[in-house]
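Below you'll find the structure I mean.
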Protein chains: 2
Amino acid sequence: MSEDRWTPPSVLLAVDLVILTLRDSLLQVLLVERGVEPYRGAWALPGGFLNNSDEGLKEAAHRELLEEAGLNGSQLHLEQIGTYGDPGRDPRGRIVSVAYLAIAPGLPEPAPGTDAAGASWVPVQEVLCRRRTLAFDHYDILVDGVERAREKLERTALATAFCGSTFTIADLQRVYEAVWGVQLDPRNFYRKVQGVPGFIVATGSVRRTARGRPARVFRAGPCTVLNPPIVRPERTGTGEEKQ
Amino acid sequence: MSEDRWTPPSVLLAVDLVILTLRDSLLQVLLVERGVEPYRGAWALPGGFLNNSDEGLKEAAHRELLEEAGLNGSQLHLEQIGTYGDPGRDPRGRIVSVAYLAIAPGLPEPAPGTDAAGASWVPVQEVLCRRRTLAFDHYDILVDGVERAREKLERTALATAFCGSTFTIADLQRVYEAVWGVQLDPRNFYRKVQGVPGFIVATGSVRRTARGRPARVFRAGPCTVLNPPIVRPERTGTGEEKQ
DNA sequence: TCAAAAGTGTTCTCACTACACCCATGT
DNA sequence: ACATGGGTGTAGTGAGAACACTTTTGA
């Protein structure tokens, strides 16, 4: 505990983003193609270094969100996943990265044409199945981020962050099904979601679709913590746990 | 994404520890009395700066665990809580701190006489009730750490980390009761714990106490994830939710 | 009139709670 | 004998799964 006279080493601090959304009823993540070494040409999570010494961590995450994905931070779910600081995780030197999870409502446009032209949405399954590899330890970060999202769907109103300002219960169900990778019974889901006080509130209007009865339209309610929770069905050992 | 020619600012990286244990059937945390400015004389979580640029984050946590608490890291639960990096959280300058949660079995000796003489175990309740204040943002870190421990008791075998290598089911129950701050039915707890395959395994021997029937002795089983989980009884609104 | 999607009612099952009860020990 | 804590049996309760059924729309 002799912290006098000796100056501790300083490290470079970066922020990486796991930005999830729902597109074509699929859970997708925003990836960028790296334009510089190392891992030039490989896919990676969007991110970057802290701007200056006065920038907060979450503040930096918001800035990267805007710069690299064109997403305006306000009214967008953003939470810290964890910090990844193994020496050797970046060949450039000692770089410690704080990872954030962001949830965006399904955007109509596929990729941001703004700043990072190489950015595009990729189905999470493609990465998880190793059909597409990521730079650095970004695979681990993505896995942790997705798992975080899966957990939080159970007990928080995170699912509404995937939807726009209004949505139907079927929309919400598609979120749960895509993130969890399961099929849910629409009838039971309907009642379960309605049974959580303050989770969703009806707007009064309905939404017409191609066919079938129009669905009531809802918006996110005041409750952020779900009580009772929407419990994820347990993957009863089909043998493909780790796959 | 113009990361050429411009060199990003570096920050000082520290590691802070929330070390929890069970003493006198109370959840306690290890605190140290600060010997230097800032916050000289105040209580704080043990921690310190990274030793050098090649030291891993978890590695640094293990080192601090040994240096400040005299706890040998091996076979000791240690997991990352999160990273706290608000500018201004430390008056000395921009210091980003990665917080770790450590769980130790109840030690017979109250405080480590080793290195940091000012260290001592303090009931978590005393801090949470603001009867004892902490330096920096260590109160927030402690709250997050305790909440993490509470959550993990439900679905992982974390509770066994509070016990020694062997324990009785009543010992385990005391862990759950202390961490959650609730009372549990011993009969139902007994069966519930036994009903989780691989959670605990009987050693065959029994432990005699002052009075009553001797209890069977167990040790931690191979399973780290509890299925079915030990569900925490919900605090049915006694009105003191946020307090 | 039919298909398709929204929304409702009802049964069954299973896990958990509560508590009565038996077992093994020290005093 | 009896107090104390360990361990077992069992009925009642409540939430969720499964699924039959009704409602409302477009074609």
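Every chain is numbered from 1 and lettered A, B, ... according to where its sequence line falls, protein lines coming before strand lines.
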Check: Could one point to a donor on the side chain of A/Arg213 or the base of D/dT23 with an acceptor on the other under 3.5 Å away?
Finding: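 Such a pair exists between side chain and base.
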
Item checked: 5' priority, DNA chain C, between B/Val206 and A/Ala215 [closest heavy atom] ->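 Final value for this comparison: A/Ala215.
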
Next item on the list: Write down the distance between CZ (A/Arg232) and C1' (D/dA17), rounded to a whole number of angstrom.
Entry: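 These atoms are roughly 18 Å apart.
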
Check: Side-chain contact, heavy-atom cut-off 4.5 Å: B/Pro105 with B/Leu76?
Finding: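 Touching, per the 4.5 Å side-chain cut-off.
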
Next item on the list: Give a yes-or-no answer on whether the side chains of A/Asp16 and A/Tyr84 include a donor-acceptor pair shorter than 3.5 Å.
Entry: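 On atom types as modelled, these side chains do not qualify, holding no pair under 3.5 Å.
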
Notebook entry, point to check: Roughly how far, to the nearest 0.5 Å, is CG of A/Leu20 from CG of A/Leu158?
Noted result: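 Answer rounded to 0.5 Å: 9.0 Å.
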
Item checked: Atom pair distance, as rounded to whole Å: CZ in A/Arg207 and P in D/dT25 ->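 Answer to the nearest Å: 16 Å.
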
Check: In whole angstrom, what separates B/Glu177's CD from D/dG5's P?
Finding: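 Going from B/Glu177 (CD) to D/dG5 (P), I get 13 Å.
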
Next item on the list: Could you tell me which residues satisfy side chain to side chain contact (heavy atoms under 4.5 Å, CB included) with A/Asp185, sequence neighbours excluded, listed by chain and number?
Entry: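 Testing A/Asp185 for side chain to side chain contact (heavy atoms under 4.5 Å, CB included), a comparison that skips the adjacent residues, returns A/Arg187, A/Asn188.
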
Check: With sequence neighbours left out, what residues match A/Phe189 under ring-ring contact (aromatic ring centres under 6.0 Å, His included)?
Finding: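 With neighbours one apart ignored, the set is A/Tyr176.
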
Next item on the list: Identify, between A/Val231 and A/Arg208, the residue whose nearest nucleotide on DNA chain D lies closer to the 5' end.
Entry: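 Checking each residue's closest nucleotide, the 5'-ward one belongs to A/Val231.
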
Margin query: Rounded at 0.5 Å granularity, tell me how far CG in A/Leu134 sits from CD1 in A/Ile141.
Written below: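 Separation between the atoms: 9.5 Å.
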
Item checked: From OG1 (B/Thr83) to CD (A/Gln80), nearest 0.5 Å ->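 Result: 4.5 Å between the selected atoms.
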
Notebook entry, point to check: B/Arg187 side chain: which of D/dT8, C/dA18, C/dT25 is closest?
Noted result: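 Nearest nucleotide to the side chain: D/dT8.
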
Check: Once you round it to whole Å, what is the distance between P of D/dG5 and CZ of B/Arg216?
Finding: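 Distance, rounded to whole Å: 20 Å.
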
Next item on the list: Check the distance between D/dA15's C1' and A/Leu226's CG and give it to me in whole angstrom.
Entry: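 Answer to the nearest Å: 16 Å.
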
Next item on the list: Using atom CG of A/Asn227 as one end and atom P of D/dA15 as the other, report the distance to the nearest whole Å.
Entry: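 Interatomic distance, CG of A/Asn227 to P of D/dA15: 11 Å.
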
Check: Looking at DNA chain C, which of residues 190-200 of chain A put a heavy atom within less than 4.0 Å of it?
Finding: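 The answer is A/Tyr190, A/Arg191.
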
Checklist line | Per A/Pro214 side chain, nearest of listed nucleotides D/dG6, D/dT24, D/dA17 | finding: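 Closest nucleotide among those given: D/dT24.
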
Item checked: Value in whole Å for how far the P atom of D/dG5 lies from CG of B/Asp185 ->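 Distance, rounded to whole Å: 15 Å.
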
Note to self: Rounded to whole Å, please give me the gap between CZ in A/Phe189 and C1' in C/dA6.
What the structure shows: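 Roughly 14 Å, once rounded to whole Å.
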
